[in-house]
Every structure is written in C-alpha cells, then in structure tokens.
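Here is the structure we will look at.
Computed from a predicted model, the values in this text were never measured in an experiment. In what follows, every chain begins at residue 1, and chains take the letters A, B, ... in the order their sequences are listed.
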Amino acid sequence: MPQPKHDLASLFNAASDLAGRTFAELAAQQGLRVPNDLRRDKGWVGQLLEGALGASAGSQALQDFPDLGVELKTIPLDANGKPLETTFVCTTPLIDIAGLNWESSNVRNKLQCVLWIPIDGRREIPLHQRTVGTAFLWQPSAAEEAQLRADWQEHMDKIALGQVEQITAHQGEVLQLRPKAANSRVLTDAIGPHGELIQTLPRGFYLKTQFTGQIIRTVFNI
DNA sequence: TCGTGATCATTC
DNA sequence: GAATGATCACGA
C-alpha cells in the first residue's frame, strides 16, 4: 500500500509516476494476478489504479479521495487516443428527489475535480502488457458545467414526472442515463406516471465518449 | 440490495 | 465502427 495522500500535489505526483508502467508491474506490487481479459473483471484496471494510489472510499457514494475532493477515473483509449467507453459517474436517484438540485447533486460533487488516468484500452494487446498513460487533473469549465447541468436537469425532471422508463441513452448532450445493474432483471423503486411507486431497472449517469474525447484532445493538444 | 469499479456484446 | 442496453465482481 502506498502512503495515504494528504495533499493534491503528492497525489498528482504519484499518479504522474505511474505513466508508462505496465499493468503487470502494478499488479505485482499489490500481489494481484492479471486476468487474461476483462470479461469477468470489468473494473479490474480501475481498482488496480485505486490500489496504486491509495484511494480510500471503497464502494461508498463518495469521491475517491474525500479529503482532497478528488475523484479518480481511468479512461480506456484506443490507438488514436479516443475513449473506447463511456465513463460511469454515479447511480441515479429515482425516489425522494423533490429537493434535489444541481449544486448539491452527486454528479456535480463527483465531477468537480477529477484525476483522469488514461489507460491503454486496446483489446488486441495482452492485458499484462498494457500501460498507464499520463494522468491529468480536470475541473469542468463554465461551459462544460453548463452542459452537464442542463442534461442532469432534463433527466431529473423526467424522473420526477414519472417518465424514467421513457429515458434512453440517446438523450443528453454529454451526460446520458443508462442501466446500472447486475442484469436486466434487477428492480428498484421509482416514481410512476401517476406519482405512484413503480419498480424499474436501476440507472446510472454516464459521460458520453464525445465529451471525454474532447477533454482528452484539449489536454493533450491533439 | 445498493454503490463502487467499469467493459461486454449485440444492435444500429 | 460507434453506441446502447446488458452484464460482471466485490464490499458493506
């Protein structure tokens, strides 16, 4: 285990030092074995980096480094530096949402300061050979936050109106709503069309790849 | 069961 | 090829 990070600079330095390291190296340091692929270990790389940097929040609904107000996100890139996957932000509240607003939302809290760590997502490269990229800190610009806020508000309005089952991943410019569950049979409470309680699939907020791709391009001057 | 870490795999 | 809806693992 690394030293707990007490300030942003040492966290960022530690993350920067991971650039170029292979997943095999980082796994060995933590006594982990590298799976052959990610089919049954989808979160493995994310947890590998959490371990390497001493993230503490576990599965709580908190930022990864609550003391620093920093969220850690790995983002898999292809050979051209484009994101291969959307980025999960947090689960979506579906009930007791009357008083929620953007300022106090979990989405805003998580995205206020993100330590992005690009990783090699190319499936044709054996997992143990893939490497960590150059970490960077990001805070949404005013324009980016406005986009996030507008999408969040639109989704939450539909949920409040009992229209959660009408929301598809096509909606939202930068922030989409998609299932987030063990499988499609999982159910949770939500508001129905007439204000009653219904059972529906749990949802999560995800950043679209176009949005994260733009962040990557800006940071690396591509 | 929920929230965390996400990617898979089929469809578009 | 990109994107959506489905899925996998684990800890509390």
Side-chain angles (χ1 to χ4, degrees), chain A residues 15 18 23 26-27 30-66 70-97 105-107 109-111 114-127 130 132-133 151 155 164-190 197 199-214 216:
Chain A
L18 298 176
F23 298 169
L26 298 184
Q30 299 177 53
L32 301 174
R33 43 181 309 281
V34 183
N36 288 325
D37 59 59
L38 298 175
R39 274 181 298 184
R40 315 222 102 191
D41 297 88
K42 300 184 179 186
W44 186 82
V45 179
Q47 290 167 346
L48 181 72
L49 273 292
E50 285 187 347
L53 294 172
S56 57
S59 65
Q60 302 174 79
L62 284 177
Q63 292 151 323
D64 294 299
F65 298 91
V70 173
E71 175 73 9
L72 176 66
K73 287 286 175 207
T74 59
I75 182 159
L77 305 182
D78 69 12
N80 299 314
K82 286 175 54 180
L84 280 161
E85 301 291 345
T86 54
T87 302
F88 173 70
V89 180
C90 58
T91 47
T92 308
L94 300 177
I95 53 168
D96 299 328
I97 56 175
S105 71
N106 217 333
V107 173
N109 179 245
K110 293 249 178 169
L111 296 182
V114 179
L115 177 60
W116 290 101
I117 304 189
I119 58 166
D120 188 346
R122 293 176 294 173
R123 292 191 206 176
E124 62 270 28
I125 309 292
L127 195 59
R130 296 193 215 167
V132 179
D151 287 347
H155 294 316
V164 62
E165 303 201 307
Q166 269 54 247
I167 304 174
T168 78
H170 297 282
Q171 292 158 42
E173 294 283 325
V174 299
L175 186 72
Q176 63 183 181
L177 204 68
R178 301 221 307 279
K180 172 65 172 170
N183 58 62
S184 60
R185 282 147 267 136
V186 175
L187 294 173
T188 194
D189 289 345
L197 220 51
Q199 295 293 109
T200 194
L201 191 55
R203 317 297 163 103
F205 289 113
Y206 296 79
L207 299 177
K208 295 181 145 191
T209 54
Q210 286 219 16
F211 183 68
T212 52
Q214 184 56 55
I216 297 282

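- Judged by distance alone, with hydrogens and angles left aside, the side-chain atoms of A:D41 form no donor-acceptor pair with the main-chain N or O of A:P35 at under 3.5 Å.
- Between A:R130 and A:R123, the shortest heavy-atom contact is NH2-CA, 3.5 Å.
- Here B:dC2 presents its P atom at 18 Å from CG of A:L62, a figure rounded to the nearest Å.
- Atom pair A:R203:CZ and C:dT4:P shows a separation of 14 Å (rounding to whole Å applied).
- Although no hydrogens or angles enter the test, the distance criterion places no donor-acceptor pair under 3.5 Å between the side chain of A:K82 and the main chain of A:Q210.
- Atom CD of A:Q30 and atom C1' of B:dG5 are 14 Å apart (whole Å).
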Take nucleotides 7-12 of chain C nucleotide by nucleotide from the 5' end and write B, S or -, depending on whether a protein heavy atom sits under 4.0 Å from the base, only from the sugar-phosphate, or from neither. BBS-B-
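- With A:H155 contributing its side chain and A:L175 its backbone, the two residues share a donor-acceptor pair below 3.5 Å.
- Contacts of A:P76 with the nucleic acid, taken as non-hydrogen atoms under 4.0 Å apart, involve only primed sugar atoms and P, OP1 or OP2.
- Remark: C1' of B:dT7 and NZ of A:K73 are 13 Å apart, rounded to the nearest angstrom.
- Going from atom CG of A:L84 over to atom C1' of B:dA6 covers 13 Å, rounded to whole Å.
- Among the atoms of the strands shown, only primed sugar atoms or phosphate atoms (P, OP1, OP2) are found under 4.0 Å from some heavy atom of A:E71.
- Considering only side-chain atoms of A:T86, the nucleotide from B:dT4, B:dC2, C:dT4 that sits closest is C:dT4.
- The distance from atom NZ of A:K110 to atom C1' of B:dG5 is 10 Å, rounded to the nearest whole Å.
- The residue A:L94 sits apart from the nucleic acid: no heavy atom pair falls under 4.0 Å.
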